[in-house]
Peer 1: 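Questions regarding the structure given below will be posed in turn.
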Protein chains: 2
Amino acid sequence: MAASAQADLAQNLEPPADGARREILNAAANCFMERGYSAASIDEVARRLGSTKGRIYHHYASKADLFADVFKTGMDMNYQTVLPVYECQSDPAVKLCRMAHVHTRQMIKTKPFQRAVWEGVEMHLRGSTTPEQRETLGELTDYRDRYSDLFKSMLDLCKQDGALAFDNLSIANQVMFVALNSPLFWYSPRPGEDQTDIDKIVGQVVTFALRGLGYQGDISS
Amino acid sequence: MAASAQADLAQNLEPPADGARREILNAAANCFMERGYSAASIDEVARRLGSTKGRIYHHYASKADLFADVFKTGMDMNYQTVLPVYECQSDPAVKLCRMAHVHTRQMIKTKPFQRAVWEGVEMHLRGSTTPEQRETLGELTDYRDRYSDLFKSMLDLCKQDGALAFDNLSIANQVMFVALNSPLFWYSPRPGEDQTDIDKIVGQVVTFALRGLGYQGDISS
DNA sequence: TTGACAACATACCCGGTAGTATGTTCATCT
DNA sequence: AGATGAACATACTACCGGGTATGTTGTCAA
């Protein structure tokens, strides 16, 4: 039920990005990743598309709106990947393990969007925006906080049944997320890299995170 | 010897910040933390000091130079804290544990400067600056990379004697650092907080990181 | 055929910010 | 006392980038 509520919020804004917007979104996500929100310019996004500002401002009211759509798109992809795992019933530790795997793989595969999510959360924490943008960012960070709660609730369950051992739940969740998200900061695709290589990286990251939480069992996909 | 080489590089630029610069540095570090490099303005730093641009541009040639000094100051503080632990001879695992503790505590205590270090590394990775700034940033990231190597070499030793268990050394080091640095992103000082509270947080973070690396022993200060 | 509208491109405005050029004050040295 | 320069403040310029106003082109419905 928590899950369906989140799924609702995921859809109740603009229509899902059609073909035209999707192309803009990709370009914007890459620009935001490469320069950061404030350093990235709309003209640069346009150049990447081989077009001009006009195209972007025809679809988005402002730079902040464009960024918000990148953010939301990134989170939508996360929910779509993790929710199925979250909803299937099995041992909490196994579920957490799988969630961590698909989440981390998602960080690598959709890195530009996830970087925007990261920066968006930071922007909201700093709180340096106009009131209206602040509200939009607030909704989006709520959206991301509830995503985080999916993991947090699993951590709690696992701690209760003794599969995990940590002190403070919130801190554990925070540190775990930073660890799982860490490829955002040091991973960049190698030339001849295939799915197997990525899965090995994901495996190491997830192993680190789950061990960090006090997990003793073995860590499979 | 690696250590002394690093200490050298730490001193061979401008004279260490005197009183006047130190005040500017603190203000700048806080501004960069709250807004990020490109969104922070020199005028804002000046307002925080209760003065004007003139003061800042009298001591620094450019915004990039000011940022570089914040970066370097942050790293200097790190070396000063961690090097003594690194140089004392004791069991690698114990040494790593202590290094992790003092490092993480440093992240919390000098957060504004460490955020600048973090953003500086990211700016260098993105590579979006002028050639000369790029060189300056390059030296600084080298400085920070050698700091990272202090830990990396310890990880390697610990793995050899079986105290730690992980697959890829570089990845392990990266994920460990992100975990240890994670307070930069979720910690903010509580009103009535004292040293003991901070140490508890540090303890949890370090425990997570060392367990993540496969450490089985107990983790003391 | 034509009117209307979507999907852009072009040209422009304007606020903010990095950087500069020029005062002004005060201390120190001779 | 007068000169000199450090340590700022003030006033200004130049430019970049977000946003807008207006043109242009193709498509589709009536």
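Chain letters run A, B, ... following the sequence lines, proteins first and then strands; every chain starts at 1. When reading the values below, keep in mind they use all heavy atoms of this one structure, side chains included, and skip hydrogens, waters and symmetry mates.
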Peer 1: So, does the side chain of Lys53(B) form a donor-acceptor pair with the base of dA18(C) at under 3.5 Å?
Peer 2: yes
Peer 1: Hey, does Gln114(A) have a side-chain heavy atom less than 4.5 Å from the side chain of Asn78(A)?
Peer 2: yes
Peer 1: Using a cut-off of 4.0 Å on non-hydrogen atoms, how would the nucleic acid contact of Ala40(A) be classed: base, sugar-phosphate, or nothing?
Peer 2: sugar-phosphate
Peer 1: Quick one: is His58(B) getting a side-chain N or O under 4.0 Å of the dC8(D) phosphate, OP1 or OP2?
Peer 2: no
Peer 1: How many whole angstroms separate atom CZ of Phe67(B) from atom C1' of dG19(C)?
Peer 2: 19 Å
Peer 1: May I have the distance from Lys63(A) (atom NZ) to dG16(C) (atom C1'), rounded to whole angstrom?
Peer 2: 13 Å
Peer 1: Give the rounded distance in Å between these two atoms: CD1 of Ile42(B) and C1' of dA9(D).
Peer 2: 16 Å
Peer 1: Taking the side chain as everything from C-beta on, heavy atoms only, tell me whether Leu66(A) gets closer than 4.5 Å to Ile42(A).
Peer 2: yes
Peer 1: Starting from C1' on dC8(D), measure out to CG on Asp43(B) and report it in whole angstrom.
Peer 2: 15 Å
Peer 1: Among dG19(C), dA9(D), dT10(C), which nucleotide has an atom closest to any side-chain atom of Thr52(A)?
Peer 2: dT10(C)
Peer 1: Any side-chain N or O of His59(B) under 4.0 Å from OP1/OP2 of dC8(D)?
Peer 2: yes
Peer 1: Just the rounded figure in Å: distance from P of dT22(C) to CZ of Arg55(B).
Peer 2: 24 Å
Peer 1: Among side-chain atoms of Gln80(A) and Asp76(A), is any donor-acceptor pair under 3.5 angstrom?
Peer 2: no
Peer 1: Glu23(A) CD to dC8(C) C1': how many Å, rounded?
Peer 2: 13 Å
Peer 1: Cationic tip of Arg35(B) within the cone over Tyr37(A)'s six-membered ring, i.e. under 6.0 Å and within 45° of the normal?
Peer 2: no
Peer 1: Counting only side-chain heavy atoms from C-beta out, which of dA9(C), dG19(C), dA9(D) sits nearest to Ser51(A)?
Peer 2: dA9(C)
Peer 1: From OH of Tyr60(A) over to C1' of dC8(C), roughly how many Å is that when rounded to an integer?
Peer 2: 15 Å
Peer 1: Measure from CG on Leu49(A) to P on dA7(C) and round the result to the nearest Å.
Peer 2: 15 Å
Peer 1: What nucleic acid atoms does Ser41(B) come within less than 4.0 Å of, heavy atoms only: base, sugar-phosphate, or nothing?
Peer 2: sugar-phosphate
Peer 1: Between Phe32(B) and Phe67(B), does the ring centre distance come in under 6.0 Å?
Peer 2: yes
